[in-house]
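What follows is a short report on a single structure.
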Amino acid sequence: MTETTLLILVLLFLFGCFLVIYYYDRKLVNNITEYEKRLEKKGILKRHFSKPFL
């Protein structure tokens, strides 16, 4: 295996890892957003975690 082949494989592996991390992060953010919307709809988030604007 030459140096360039090894370098290309390592770079492709790192790029793949970053893609997987990016996809998983977006999935988590969407799940958290949906969860907060459900709590807001129930009134739980507003009652316990928000301060009044007075």
Side-chain angles (χ1 to χ4, degrees):
M1 186 179 296
T2 64
E3 291 178 16
T4 55
T5 306
L6 183 60
L7 182 62
I8 290 171
L9 287 175
V10 169
L11 291 176
L12 286 175
F13 177 74
L14 288 174
F15 183 70
C17 286
F18 285 126
L19 284 178
V20 168
I21 291 169
Y22 177 77
Y23 172 74
Y24 189 68
D25 181 57
R26 296 299 303 159
K27 183 178 174 182
L28 284 177
V29 168
N30 286 338
N31 286 341
I32 290 170
T33 304
E34 290 176 11
Y35 182 70
E36 287 179 347
K37 286 180 184 177
R38 281 187 286 151
L39 287 178
E40 186 69 37
K41 186 176 181 182
K42 289 181 181 180
I44 294 172
L45 184 68
K46 189 175 189 179
R47 181 175 41 205
H48 293 289
F49 299 109
S50 299
K51 294 182 179 179
F53 293 109
L54 295 177

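Excluded from the calculations below are hydrogen atoms, water molecules and symmetry mates; all remaining heavy atoms, backbone and side chain alike, are included. Being a predicted model, the structure only gives us computed values, none of them experimental.
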Contacts of Thr5 meeting side chain to side chain donor-acceptor pair (under 3.5 Å) (sequence neighbours excluded), chain-then-number -> Thr2

Residues clustering with Phe15 (ILVMFWY side chains joined when closer than 4.5 Å, directly or via others) = Leu19

Does Val29 have any side chain to side chain contact (heavy atoms under 4.5 Å, CB included) partners at least two apart in sequence or in another chain, and if so, which?
-> Asp25, Thr33

Gap between atom CG of Leu11 and atom CG of Leu6 - 0.5 Å precision = 9.5 Å

Under 4.5 Å side-chain linkage, directly or through intermediates, the cluster mates of Ile8 | Leu12

Per side-chain contact (heavy atoms from CB on, under 4.5 Å), Arg26 is matched among Tyr24, Tyr23, Tyr22 by Tyr22

